[in-house]
Amino acid sequence: MDLTSNQLQNPLFQKIEQVRRRQPKIRDTHITLAHGSGGKAMRDLIDDIFVRSFDNPILSQLEDQASINLANLLQQGDRLAFTTDSYVVDPLFFPGSDIGELAINGTINDLAVSGAKPLYLTCSVILEEGLPVETLRRVVASMQAAAKNAGVQIVTGDTKVVHRGAADKLFINTAGIGIIPTGVNISAHNIQPGDAIIINGELGNHGTAILIARGELALETDIKSDCQPLHTLVETIINVCPEIHAMRDATRGGLATVLNEFAMTSNVGIRIHEKSIPIREEVKGVCEILGLDPLYLANEGKLVVVVKQDKADQVLSAMKTHPAAKDACIVGEVIASPPGVVFLKTAFGAERIVDMLVGDQLPRIC
């Protein structure tokens, strides 16, 4: 219906519009089942916490989906990168980060290691009945801060509430899309014997920080999670060497798992050197006490890059100019045989096989 100028200027109409557009503030201190019922309580929760925090032109349409202009995407590249992940970390808040920032950066990094520029994310949450509303506000604020810092938009989402005891406080699922620039083809299938393996810094900080934060051990350290977005680091790498062979972020299962995946996918062997791998002494100490191997510890801000040997120094120099890779180093090389096997050359000169992780060293670390 087209409104006349008189109608728009009518004080009563203006008052109605103010009420209609006013974002409600929920009065509940804890999540109840009503917040997932699809009624007013749920709408107030979504408007007050999610829409208010994530506000952008696409999200503000409040449709059941986000509509994105394809012409704008095609101007940035020729392929779409699409990923999804779920976050169930315990505890929700830990030294250096929290589940909200983790969900944003983790999804961004999954896109970035394909060479894509991350653009849009979704956010779906599963809330346990009884969760403090203030806890949810903190998590959502952290998500928005991380998204804004990375230059991405959260454009659609979903909210569900489950009975008390059916979940552990809060679970988050995020999906993301990005655009891969023309000419960039990063894949584990590209790996060749002779390639160099580079990482961007210390390993195991995230897994150790989570372990300490649980308070189950009488250990005190200043170790913080390495949670950070890596897309600008990837952009720096591609700018000096578009022919990157492979790239992956070393999250669950750590460096060892990524390298085993690379070796099996490309049917090559990989050798890494213990002396070259940067691990904090505190992390080594915790691992020695608990019988853990830092090569399998989770990271949330570390990537593994495989590149031709003659490009390695150039890539390494470029990485070191980025804040997320000041401690970048070459840690190994790709070998022809035996295929599908990862070796560690120890500090004593011996070699041992670094196999796939069996079981889980630390559950619920992301």
Side-chain angles (χ1 to χ4, degrees), residues 1-5 7-10 13-26 28 31 34-77 79-87 100-101 103-108 110-111 116-127 133 136-161 170-180 229 231:
M1 178 179 67
D2 294 331
L3 298 172
T4 66
S5 177
Q7 286 176 307
L8 292 172
Q9 295 175 8
N10 185 297
F13 175 82
Q14 293 176 352
K15 181 66 174 178
I16 292 173
E17 281 295 286
Q18 289 176 2
V19 172
R20 185 178 69 82
R21 295 178 181 178
R22 185 176 61 216
Q23 292 182 325
K25 185 175 179 64
I26 61 174
D28 303 281
I31 297 297
H35 290 118
S37 67
K40 185 178 185 302
M42 181 174 175
R43 181 57 184 257
D44 288 350
L45 178 76
I46 291 172
D47 285 348
D48 187 18
I49 295 183
F50 295 101
V51 176
R52 187 189 294 269
S53 295
F54 299 157
D55 187 38
N56 60 70
I58 299 177
L59 180 68
S60 65
Q61 299 300 312
L62 295 181
E63 299 289 352
D64 284 344
Q65 71 291 312
S67 298
I68 298 169
N69 188 299
L70 290 178
N72 292 340
L73 298 182
L74 290 172
Q75 292 176 359
Q76 303 180 61
R79 282 161 296 154
L80 184 72
F82 177 43
T83 189
T84 186
D85 208 343
S86 297
Y87 298 85
E101 182 182 26
I104 299 301
N105 289 343
T107 307
I108 286 172
D110 284 345
L111 293 171
K117 176 183 179 181
L119 297 174
Y120 304 109
L121 303 182
T122 71
C123 166
S124 293
V125 296
I126 297 176
L127 309 174
V133 170
L136 180 59
R137 287 190 189 278
R138 285 181 61 191
V139 169
V140 170
S142 181
M143 294 181 75
Q144 173 57 14
K148 182 177 180 180
N149 177 61
V152 301
Q153 292 182 322
I154 301 170
V155 295
T156 190
D158 183 54
T159 304
K160 293 291 187 297
V161 179
L170 168 65
F171 298 157
I172 300 176
N173 172 269
T174 47
I177 62 173
I179 298 299
I180 302 175
H231 60 300

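Computed from a prediction, not measured in an experiment: that's the story for all the values here. Just so it is clear, the values below take in all heavy atoms, side chains as well, and ignore hydrogens, waters and symmetry mates.
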Exercise for the section: Using a 4.5 Å cut-off on heavy atoms from C-beta on, say whether the side chain of Cys123 contacts that of Met143. Expected result: yes
Fill in the blank from the handout: Residues Ala150 and His231: closest non-hydrogen pair is O-NE2, 3.1 Å
Problem - Heavy-atom check, side chain of Ile180 versus side chain of Leu80, under 4.5 Å - result: no
Handout entry: Straight-line distance of Asp47 CG to Ile26 CD1, nearest 0.5 Å
Key = 10.5 Å
Practice task
Would you indicate whether the side-chain heavy atoms of Gln75 and Asn69 approach each other to under 4.5 Å?
Solution key: no
Exercise for the section: Mind listing the closest non-hydrogen atom pair of Ala116 and Gly178 along with its distance? Expected result: CB-C, 4.1 Å
Exercise for the section: Find the distance between CG (Asp48) and CZ (Arg43) and round it off to the nearest 0.5 Å. Expected result: 12.0 Å
Exercise for the section: List the steps, then state whether side-chain contact (heavy atoms from CB on, under 4.5 Å) holds for Leu127 with Leu136. Expected result: CA-CA 9 Å; Leu127 309 174; Leu136 180 59; 3.9 Å; yes
Problem - Thr174 side chain reached by Ile172 side chain, heavy atoms, under 4.5 Å - result: yes
Handout entry: Minimum side-chain heavy-atom gap Ile31-Leu45 below 4.5 Å
Key = yes
Practice task
Taking atom CZ of Arg138 as the centre, report whether more than 12 heavy atoms of other residues, nucleotides or ligands fall under 6.0 Å from it.
Solution key: no
Practice task
Measure across Asp158 and Lys160 and return the closest heavy-atom pair with its distance rounded to 0.1 Å.
Solution key: OD2-NZ, 2.6 Å
Handout entry: Nearest atoms (heavy-atom pairs only) where Ile58 meets Ser67
Key = CG2-O, 4.1 Å
Exercise for the section: Test Ile68 against Ile177 for side-chain contact (heavy atoms from CB on, under 4.5 Å), laying out the working first. Expected result: CA-CA 11 Å; Ile68 298 169; Ile177 62 173; 3.7 Å; yes
Practice task
Considering non-hydrogen atoms only, spot the tightest contact between Ala34 and Ala41 and give its length.
Solution key: O-CB, 3.6 Å
Completion exercise
Here the gap from Arg137 atom CZ to Arg52 atom CZ, rounded to the nearest 0.5 Å, amounts to 7.5 Å
Practice task
Please tell me if the side chains of Ser86 and Phe171 come closer than 4.5 Å, counting only heavy atoms from C-beta onward.
Solution key: no
Handout entry: Side-chain touch Gln76/Lys117, heavy atoms, less than 4.5 angstrom
Key = yes
Completion exercise
Heavy-atom closest pair (Met42 atom, Ser37 atom, distance to 0.1 Å) is SD-N, 4.2 Å
Practice task
Report yes if the side chains of Thr122 and Ile154 come closer than 4.5 Å at any heavy-atom pair, otherwise no.
Solution key: no
Practice task
Return yes if some donor-acceptor pair links the side-chain N/O of Ser60 with the main-chain N/O of Pro57 below 3.5 Å, else return no.
Solution key: yes
Fill in the blank from the handout: CZ of Phe82 to CG of Asp110, rounded to nearest 0.5 Å, is 12.0 Å
Exercise for the section: Using the side-chain contact (heavy atoms from CB on, under 4.5 Å) rule, pick out the option among Leu111, Leu119, Asn72 that qualifies with Ile179. Expected result: Leu119
Exercise for the section: Any chance you could lay out the side-chain contact (heavy atoms from CB on, under 4.5 Å) test for Tyr120 and Asn56, step after step, and finish with the verdict? Expected result: CA-CA 11 Å; Tyr120 304 109; Asn56 60 70; over 6 Å; no
Completion exercise
When Val140, Leu170, Val161, Ile49 are each screened for side-chain contact (heavy atoms from CB on, under 4.5 Å) with Val125, the one that passes is Leu170
Handout entry: Any donor-acceptor N/O pair, Asp85 side chain to Thr83 backbone, under 3.5 Å
Key = no
Problem - Derivation of the side-chain contact (heavy atoms from CB on, under 4.5 Å) call for Leu121 and Ile104 - result: CA-CA 8 Å; Leu121 303 182; Ile104 299 301; 3.7 Å; yes
